[in-house]
Undergrad: 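First the structure, then my questions, so here it is.
Keep in mind the model is a prediction, meaning the values are calculated, not measured. All ligand and atom numbering here is 1-based and tracks the order in the structure. Computed from heavy atoms alone, side chains included, the values below leave out hydrogens, waters and symmetry copies.
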Amino acid sequence: MPGEAFLDAAWWPLTALAEALEALAGAHGLAPATPVDSAAGDNPPADELLNDWLHWAAARCDLEAVPVQTPVRELRAFMLHGAPAIVRLDRGCERGFLALTGQRGGQPLFLTPPGQRLRIRCETVEALLIRELVEPLQPEIVRVLDAAGITPTRRARVSTAMVCERIGGEPVGGLTLLRLPPGAAFTRQARQAGLHLRLSQIVGLFVLLYGAELWSWQLIGGATINGRLDWGWLAAWALLAFTMLPGRLLAGWVESLFALDFGRLLKARLLAGALALPPDAVKRRGVGAMIGQVMEAQALEGMALAGTFGVLVGMIELGFAAWVLRLGAAPVLHTALLALFAALTILLGLHFHRRIMAWTRQRLGLTDYLVEAMIGHRTRLAQERPPRRDATEDALQASYFGTAQQMDSATLQFGSGLGLAWNLLGLAALAPALAGAAPPGASALAISLGGLMLAQRALGGIGGGLSNLSRARFAWREVATIFRAGLRPERPGLPVDPRAPKSAVQGPVLEVRGLRYRHEGASTPVLQGVDLAIAAGDRILIEGPSGGGKSTLANVLTGLRPAQQGLLLLDGLDPPTLGDSWHARITAAPQFHENHILSGTLAFNLLMGRQWPPSEADLAEAHEVCEELGLGDLLRRMPGGLHQRVGETGWQLSHGERSRVFLARALLQRAAVTILDESFASLDPATMDRCLDTALKRAETLVVIAHP
Ligand SMILES: Nc1ncnc2c1ncn2[C@@H]1O[C@H](COP(=O)(O)OP(=O)(O)OP(=O)(O)O)[C@@H](O)[C@H]1O
């Protein structure tokens with residue numbers, strides 16, 4: 001279909017964007033929870049607010065809208081794998097969109113306003129999306145093609161190659177991915193990712209593979225025992241064994257796809273949970289325990305999958321083993337023995353589980369101690385009495401080794417002991433049949449031996465799977481709080497542009513009435529009956545004694561801690577109404593010990609409150625602010641300038657330089673209200689004056705917290 005005809009069918013005007021969202025959500029089984037309603041005034045706003053609006057409207061449909069850019073050369077991959085997505089495509093001066101819903105036969109599918117799926121060639125859509133980038137190149141390309149004498153049949157291909165060469169790295173914007181937020185119910189996400197289908201494919205493939213394996217052994221075994229083994233039987237067996245190879249590869253591939261998708265969903269949820277945890281819950285655990293938690297999060301994924309597959313495959317094998325044993329020389333005894341050993345495996349598994357729990361707890365305690373010892377190494381070297389340190393460490397090690405020994409003996413019982421006992425008792429169970437009046441034939445004996453081996457493999461697999469599940473269960477206990485924290489619903493709030501602080505609402509920009517806040521576990525509130533009214537453009541100094549509650553107030557005002565009582569209004573709107581955009585409109589540079597330079601470039605650290613990647617204008621403004629704060633020399637000394645890597649593994653900034661980066665970061669956020677919590681404490685008087693001048697000049701409304 002040519003470009004314009006395709007647009008006529010698949011194009012959604014801006015005014016129908018709400019319907020496009022709803023239709024896409026419906027088409028992907030994500031029925032909107034609160035449908036956007038263009039008739040009720042939920043119309044999309046001006047261009048600069050569009051991303052905010054999409055985020056808000058998608059959240060109301062229980063989805064997350066993620067604006068992305070892709071280089072021209074990867075546009076095709078986006079169209080084939082990026083669905084569901086909204087693709088911005090204007091027609092002349094009319095603003096509008098395409099609704100990408102999937103792909104069929106290597107070509108993208110678009111949802112049309114009447115609700116049909118339209119398959120379009122990639123080249124057609126690509127040409128429309130990059131036409132503004134290509135048009136200026138056309139005269140030059142035509143000139144080169146003419147000069148090189150390219151034949152008409154090859155012109156289109158050569159022209160495409162030249163375009164790709166010239167603008168392949170140019171970013172294409174206006175693309176918005178729609179997906180379930182990481183906080184959505186995990187089962188819903190798993191279903192959406194098709195994990196249930198993959199799991200049934202895996203089970204089906206394993207059943208087929210084991211069936212084929214048994215059949216191949218039956219062929220060769222039967223032929224050998226009956227003395228009919230010739231090249232024909234051998235060829236049939238080899239062919240069957242050979243055809244199982246692609247099946248095994250396929251099963252491995254589906255298993256790894258399942259593991260990848262499961263791991264991706266789990267990581268996204270844990271990350272969302274870690275960011276949603278209350279600040280105190282994170283702080284109270286300590287660095288060592290947090291590292292232990294991260295280790296357990298990684299173990300959870302690996303152990304849960306290995307355990308589930310181990311038990312699953314073991315159960316399939318056990319089923320086949322029971323069937324084979326029933327055809328053998330001692331069907332009744334072997335079946336009863338198998339049931340007994342299956343029960344024993346579970347019982348010993350429970351015993352092993354207790355040992356694993358005790359050992360993992362000790363191991364994590366040791367990690368916690370080790371991390372704390374490494375962080376406080378210098379303090380301990382300088383101030384702790386060595387015998388005291390040695391005594392603590394000896395006691396910890398002795399306790400750990402004791403638990404590890406108990407766990408080793410449980411592993412031995414569970415692993416080799418059970419297998420050995422099964423083999424001995426399984427062989428002994430053949431004795432009555434062999435000693436009987438009518439001893440079984442060679443083929444029945446061979447079947448029994450095969451069944452015994454298969455059952456040993458199955459019991460070993462189930463045992464291994466159970467021990468992995470035990471580890472996974474412990475890991476789950478460690479990370480469950482983070483996982484559950486991620487379930488909290490996102491607060492989309494109103495689509496308010498953070499860069500549009502001028503409000504039509506008359507009155508204070510920030511108003512606080514009767515605010516009360518008490519820290520968890522504290523007997524008295526640290527903030528009680530706080531009233532505050534800050535007008536746009538105000539410059540306010542908050543002074544108070546150490547421990548008086550200044551930082552707590554800053555945290556409540558910026559939304560990091562929820563007010564327990566009282567009224568908070570920003571431009572006349574309360575926190576639930578503004579949702580997550582509250583942060584964007586009122587920001588704070590936290591106290592030095594609460595602030596952090598993240599591992600990344602200086603620009604990344606400075607422009608965290610802006611879009612990423614940054615525009616040239618953003619970088620220029622960051623440079624300007626740094627110069628004003630006296631960081632110009634530093635920028636010139638750093639080989640990479642604004643793109644120099646900083647943080648734990650990068651350029652080590654001095655105390656004062658870090659303070660000024662924190663200050664620049666808050667000012668560059670261009671919030672309606674900026675709070676600086678003791679941001680000038682570590683600066684010399686001249687630098688402090690300079691920084692204060694910059695803050696006064698740049699912050700629209702400024703609150704400075706300082707000691708008297
Ligand atoms: N997470 C917490 N749990 C319990 N109490 C806390 C917590 N955080 C702070 N506090 C207590 O609340 C009080 C106020 O702390 P806050 O940090 O707000 O004071 P501040 O005025 O900023 O002090 P400073 O000037 O020394 O930085 C202090 O007594 C502090 O010990």
Undergrad: Could you tell me whether E372 and R380 make a salt bridge, using a distance below 4.0 angstrom between a side-chain N and a carboxylate O?
TA: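 No, this pair does not count.
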Undergrad: Under 4.0 Å between a Lys/Arg side-chain N and an Asp/Glu carboxylate O for E296 and R477?
TA: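 Result for this pair is no, no salt bridge flagged.
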Undergrad: Should the proximity of A522 to ligand 1, defined as any heavy atom under 4.0 Å, be assigned to the side chain, the backbone, both, or neither?
TA: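 Within the 4.0 Å criterion, A522 makes no contact with ligand 1.
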Undergrad: Any carboxylate oxygen within less than 4.0 angstrom of a Lys/Arg side-chain nitrogen, looking at E657 and R637?
TA: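 Here E657 pairs with R637 in a salt bridge, since their nearest N and O are under 4.0 Å apart.
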Undergrad: Under a 4.0 Å N-O cut-off, is there an ion pair linking R636 with E627?
TA: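 Looking at E627 together with R636, the answer is yes, because their closest N to O distance falls below 4.0 Å.
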Undergrad: Would you say the side-chain atoms of Q362 and S399 include a donor-acceptor pair closer than 3.5 Å?
TA: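 The answer is yes; a qualifying pair exists.
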Undergrad: Between K550 and ligand 1, does any nitrogen or oxygen pair lie at a separation below 3.5 Å?
TA: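 So ligand 1 has an N or O lying under 3.5 Å from an N or O of K550.
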Undergrad: Establish whether atom 8 (N) of ligand 1 and some protein heavy atom are separated by less than 4.0 angstrom.
TA: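 For atom 8 (N) of ligand 1 the answer is yes, since some protein heavy atom falls inside 4.0 Å.
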Undergrad: May I ask you to identify the nearest protein heavy atom to atom 29 (O) of ligand 1, giving residue, atom name and distance to one decimal place in Å?
TA: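 Scanning the protein heavy atoms, the shortest distance from atom 29 (O) of ligand 1 goes to G547 O, 3.8 Å.
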Undergrad: Just let me know how H519 lines up against ligand 1, side chain, backbone, both or neither, with a heavy-atom cut-off below 4.0 Å.
TA: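 Near ligand 1, H519 shows its side chain, while the N, CA, C and O stay back.
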Undergrad: So, do L676 and F662 sit near enough that their side-chain heavy atoms are less than 4.5 Å apart?
TA: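 L676 does not reach F662 side chain to side chain.
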Undergrad: Which protein non-hydrogen atom lies closest to atom 19 (O) of ligand 1, naming both residue and atom, and how far is it?
TA: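 Closest protein heavy atom to atom 19 (O) of ligand 1: G549 N, 3.3 Å.
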Undergrad: Number the atoms of ligand 1 from 1 as they appear, then name those within less than 4.0 Å of a heavy atom of Q591, with their elements.
TA: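 Atoms satisfying the 4.0 Å criterion: 27 (O).
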Undergrad: Show the atoms of ligand 1 that are less than 4.0 angstrom away from any heavy atom in V526.
TA: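 Matching atoms, with element in brackets: 13 (C), 14 (C).
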Undergrad: For atom 26 (O) of ligand 1, what is the nearest protein heavy atom, given as residue, atom name and distance?
TA: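 Here the closest protein heavy atom is S546 OG, 2.7 Å.
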Undergrad: Of all the heavy atoms in G548, does at least one lie under 4.0 Å from an atom in ligand 1?
TA: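 For ligand 1, residue contact (heavy atoms, under 4.0 Å) with G548 is present.
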Undergrad: Are a donor atom and an acceptor atom from the side chains of Q293 and E478 found within less than 3.5 Å of each other?
TA: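 Q293 vs E478: no donor-acceptor pair found between side chains.
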Undergrad: Run the numbers on M295 and R363 for side chain to side chain contact (heavy atoms under 4.5 Å, CB included), then give the verdict.
TA: CA-CA 11 Å; M295 281 160 48; R363 189 174 54 78; 3.6 Å; yes
Undergrad: Do the side chain of R269 and the main chain of P182 share a donor and acceptor less than 3.5 angstrom apart?
TA: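 Indeed, once roles are kept as given, a pair shorter than 3.5 Å links the two residues.
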Undergrad: Check ligand 1 against P545 and write out every atom of the ligand that is under 4.0 Å from a heavy-atom position of the residue.
TA: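 Those atoms are 21 (O).
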Undergrad: How far is atom 17 (O) of ligand 1 from the closest protein heavy atom, and which atom is that?
TA: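 Looking only at protein heavy atoms, the one closest to atom 17 (O) of ligand 1 is S551 CB, 3.7 Å.
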Undergrad: Looking at T552, which atoms of ligand 1 are within less than 4.0 Å of one of its heavy atoms?
TA: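 In order of numbering, the contacting atoms are 14 (C), 15 (O), 16 (P), 18 (O).
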